[in-house]
Number of protein chains: 2
Amino acid sequence: MKHGPGFLRRLLEHLEASPLRMTRKRERLLGVLAAADQAISAAVLRDRAGLPPSDLVTVYRTLEAFERVGILQRIPLEESGHLFELTEPHDHHHHFVCRECHRTERLDLCLGKELEARARKLGFTEVRHVMEVYGFCEACRPVPASVD
Amino acid sequence: MKHGPGFLRRLLEHLEASPLRMTRKRERLLGVLAAADQAISAAVLRDRAGLPPSDLVTVYRTLEAFERVGILQRIPLEESGHLFELTEPHDHHHHFVCRECHRTERLDLCLGKELEARARKLGFTEVRHVMEVYGFCEACRPVPASVD
DNA sequence: ATGAGTGCAAATAGTTTGCAAGCTG
DNA sequence: CAGCTTGCAAACTATTTGCACTCAT
């Protein structure tokens, strides 16, 4: 399993303490996100939640809300678009992302402290950082062109 | 100055050796990019080059070409869009980016080697990585809301 | 003279917004 | 019952593509 025990419960508590209202749809989306063992796109999230195409708007608004209260991380893709993933409240981490199938592997390494310190020295405040690694996973590795 | 001496000359040599054709427009765009002491957006590049609005297409195609031959780096913004910056051939680096005015400061720190090694262990190949730090620069720092 | 580069118009992907109606705390 | 949330339609931004024309090598 991807998240430790009590993960979903902690998120629910966190949401309870937040100004967000818990609706059936949000519960549904939260459940799908919690069940995912990978970061997923907004469209995939909508499909897995069994929502009609038009509900993509609600999905985005929900994702924005979850991100705002600090339980969701947005992972930028190389070309365009994002993947989304629940995190422990106010946690965050980095990833290896396959640029073909969008499989993600968590990267256990973060320069947050170091970057924060350097940013402060330069006068930057309210600092956030992004670090993602893109490549081809084993399954998607392109066949090397034969040299003939 | 932002780039070392002979920077533009090295780029021109590199371009010469590349399959790219050097046109007046590309020279112009290269010049503007080389003169910039900041990473800039495609639209700003077009404007500084004195090109009409419709030429944004050419700007994008030129940027893509420069990136392909390894003299240009694309810096993703936090919300959407990118900034572009010339680099020594096949070099790359990371940045602090003001999320208000898009001022960039170079970040002298790169985990390329480490990430490459870890990616290989996970079966990822043809790895590229992105690391950017977003915040408010001194000039753009928002006034703290008065607590009343 | 061949194929890379350009210009115009139009398409695209992903995401956001306005507004009226519905539901939660 | 105030106001957060939703639904639908439409807008939007940054970027890409098709095609005919031009120009660099």
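Model, not experiment: these values are computed from the prediction. We name chains A, B, ... by the order of the sequence lines, and we start the count at 1 in each one. Atom set for the values below is all heavy atoms of this structure, side chains included, hydrogens, waters and symmetry mates excluded.
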* Can B/R118 and B/E116 be counted as an ion pair, charged N to O under 4.0 angstrom? -> no

* Please state how far atom CG in B/L83 lies from atom P in D/dT15, giving the value in whole angstrom units. => 9 Å

* **Face-on cation placement of A/R106 at A/F96 ring, 6.0 Å and 45° thresholds** => no

* B/R74 or B/L20: which one's nearest nucleotide on DNA chain D is closer to the 5' end? -> B/R74

* Could a donor-acceptor pair under 3.5 angstrom be found where the side chain of B/R24 meets the base of C/dG5? -> no

* Asked: Does B/T23 place a side-chain N or O at less than 4.0 Å from the phosphate oxygens OP1/OP2 of C/dT6?
  -> yes

* To do: On DNA chain C, check which nucleotide each of B/S54 and B/R21 is closest to and give me the residue with the more 5' one.
  => B/R21

* Asked: Atom CG of B/L15 and atom P of D/dT25: how far apart are they, to the nearest Å?
  -> 11 Å

* 5'-most contact on DNA chain D: A/E79 or A/T58, nearest heavy atom basis? -> A/T58

* Asked: Does B/R26 have a side-chain nitrogen or oxygen under 4.0 Å from the phosphate oxygens OP1 or OP2 of C/dG5?
  -> yes

* side-chain N/O B/H82 vs D/dA14 OP1/OP2, d < 4.0 Å -> no

* Interatomic distance, A/E67 CD vs C/dT15 P [rounded to whole Å] -> 11 Å

* Asked: Where each residue is assigned the nucleotide of DNA chain C containing its nearest heavy atom, which of B/P52 and A/Y60 is assigned the position nearer the 5′ end?
  -> B/P52

* Value in whole Å for how far the P atom of D/dA14 lies from CD of B/E64 -> 19 Å

* Atom pair distance, as rounded to whole Å: NZ in B/K25 and P in C/dC8 -> 8 Å

